[in-house]
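In what follows, a structure is listed as C-alpha cells, so that the remarks can point back to it.
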There are 2 protein chains.
Amino acid sequence: MAPSVHLIQPKWLEPFSQAYLPAGDDASRMALAVALSAEGARRNLGGPFGAAVFDDASGELVTAGCNLVFDSGASLAHAEMVTLSFAQQREGEPDLSSRAWTLYSSSEPCAMCTAALPWSGIRRVVCGARNEDVQRIGFDEGSKPAAWVESLISRGIGVTRDVGRADAVAVLERYGAQGGRLY
Amino acid sequence: MAPSVHLIQPKWLEPFSQAYLPAGDDASRMALAVALSAEGARRNLGGPFGAAVFDDASGELVTAGCNLVFDSGASLAHAEMVTLSFAQQREGEPDLSSRAWTLYSSSEPCAMCTAALPWSGIRRVVCGARNEDVQRIGFDEGSKPAAWVESLISRGIGVTRDVGRADAVAVLERYGAQGGRLY
C-alpha cells in the first residue's frame with residue numbers, strides 16, 4: 001500500500017470547540033486553544049498544544065485542532081500545522097493570505113511552526129505560553145531566530161503574545177508533572 | 001465532515017523510484033530525488049522538489065516523495081515533510097533517530113523543513129540545489145538562520161551539500177522558465 005499520512009480532526013473536537021463560542025476577544029478565543037491543549041493531551045493524541053483559527057471580522061471559528069503527533073505518527077503534526085492545514089482544506093487552497101484570519105496557539109510556535117506561518121498565508125498569530133514555558137517542561141523549541149517576532153512582522157504577520165499565558169502554562173505544568181511523553 | 005489533510009504517495013512514485021535502484025552512493029541516490037523533483041512538478045502535484053530516504057548500511061530505499069502542495073492543498077506539504085512523514089508511517093512512530101537513515105533532498109530545505117529535521121529524528125541530510133538556486137526562480141526560502149548547517153550538526157544531524165547540484169538546478173530553471181506556479 002502507498003505510504004500516506006492523515007491528519008484528521010478528532011470527532012469530539014468540533015462540539016468541544018462550539019462550547020467556547022461566541023468568543024469575541026483574543027482572551028476568549030485563546031481559552032479555546034488552551035482548552036484544546038489540555039484535551040488533546042488528555043486523550044493522548046499528542047503533546048499539550050492546541051490552536052484555533054478565527055475570522056477577525058465575524059468572530060466565526062474557522063477551524064481548530066490540537067497536536068496530533070501520537071495520533072498521526074508524524075512529527076510534523078504540531079497544533080499549528082494541523083490547524084492551518086484544516087483551514088486550507090476548508091478553503092480548498094494552500095494560501096490563506098486573502099482572508100483576515102488569526103491563528104490562536106496555546107504556546108508560541110516552535111522553529112518549524114514559526115517558519116510555516118508565512119507559507120500558510122495566515123495574517124496574524126496570537127500566542128499563550130512562551131517558548132521558555134514549553135522548554136521548562138522539557139520540550140525542545142528548535143533553533144528559532146532570536147528576532148522571530150520581528151521577522152514575522154516584516155512579512156506582514158501580526159504577533160500578539162502572552163494572551164492567557166497563565167492558563168496555558170498551567171496546562172503545560174500539569175503535563176510535565178504527570179510525566180507526559182516528550183518527543 | 002471533519003476537516004482532514006491527506007498526504008498520499010502518488011501511485012506512479014514507487015515504480016518510478018525503483019527504476020533508479022540499486023543506488024549505492026550519494027550521487028545516484030540524489031539522482032532519484034532530482035528525478036522526483038521534475039516528475040512531481042510535471043504532474044502538477046506541487047513545486048519542483050523531490051526527496052528520498054535511504055538506509056545508510058543496506059542502501060535500501062526506505063521511501064520517497066515529492067512536493068504535494070497543490071495535490072494536498074496544504075502549504076506544509078514540502079517534499080522533505082512528505083517524505084519524512086512517509087518514513088515515520090512505515091515505522092509506526094514519529095521518531096526515526098534509532099535508524100541510520102539519510103534524507104536526500106533535491107534542494108536545501110527551507111526554514112520550515114530545516115527546523116522539521118530534528119523533530120523527525122533523521123540522522124543525515126544530503127542536499128542538491130542551494131537555497132539561492134531556489135530563490136533565483138522566485139521561491140521564498142523563509143527566515144532561515146545563517147548558521148543552519150552548524151545548527152543541524154550541533155544536533156547530531158550530518159549535512160552534505162552540492163550533491164548533484166547542477167542537475168537539480170536544471171530542473172528548477174526549467175520550472176522557472178516555463179512560468180511554473182510559485183506559492
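What you see is a predicted model; the values in this text were computed from it and never measured. Here is the naming used below: chain letters follow the sequence lines, and residue numbers restart at 1 for every chain. The analysis underlying the following values was restricted to heavy atoms, covering all of them including side chains, and did not include hydrogens, waters or symmetry mates.
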* Taking a hydrophobic cluster as the set of Ile, Leu, Val, Met, Phe, Trp and Tyr residues connected by side-chain heavy atoms closer than 4.5 Å, whether directly or through intermediates, do B:F54 and B:L103 fall within one such cluster? -> no

* Picking from B:E14, B:E141, B:K144, which has the most non-hydrogen pairs under 4.5 angstrom with chain A? -> B:E141

* So which heavy atom on B:W119 is nearest to which on A:G142, and how close? -> CH2-N, 3.2 Å

* Based on non-hydrogen pairs under 4.5 Å, which of A:S72, A:A74, A:A111, A:A2 is most in contact with chain B? -> A:A74

* **side chain to side chain contact (heavy atoms under 4.5 Å, CB included) between B:Q89 and A:S4, intermediate numbers included** => CA-CA 7 Å; B:Q89 192 230 18; A:S4 60; 3.6 Å; yes

* Structure fact -> Note: vs chain A, highest number of non-hydrogen pairs under 4.5 angstrom among B:S85, B:P10, B:P3, B:A115 is B:P3

* How many angstroms lie between atom CG of B:L7 and atom CG of A:L7, to the nearest 0.5 angstrom? -> 6.5 Å

* Between the side chain of B:Q88 and the main-chain N/O of A:S75, is any donor-acceptor distance below 3.5 Å? -> yes

* Asked: Among A:C110, A:P118, A:P145, which has the most heavy-atom pairs under 4.5 Å with chain B?
  -> A:C110

* Transitive ILVMFWY side-chain link B:V34 to B:V169, under 4.5 Å -> no

* To do: Is it possible for you to say whether A:Y104 and A:L61 belong to one hydrophobic cluster, with membership spreading through side-chain heavy-atom contacts below 4.5 Å?
  => yes

* Cluster link A:V126 to A:I122, ILVMFWY, side chain under 4.5 Å -> no

* Distance-minimising heavy-atom pair for B:S151 and A:S143 -> OG-OG, 2.7 Å

* Asked: Can you hop from A:L32 to A:V53 via hydrophobic side chains spaced under 4.5 Å?
  -> no

* Select one option (side chain, backbone, both, neither) describing which atoms of A:S120 are under 4.5 Å from chain B's heavy atoms. => both

* Asked: Would you call B:M112 and A:M81 a side-chain contact if the rule is heavy atoms closer than 4.5 Å?
  -> yes

* To do: Starting from A:Y175, walk the hydrophobic network (Ile, Leu, Val, Met, Phe, Trp, Tyr; side-chain heavy atoms closer than 4.5 Å) and list everyone else you reach, by chain and number.
  => A:F49, A:V69, A:F70, A:V134, A:I137, A:F139, A:L172, A:L182, A:Y183

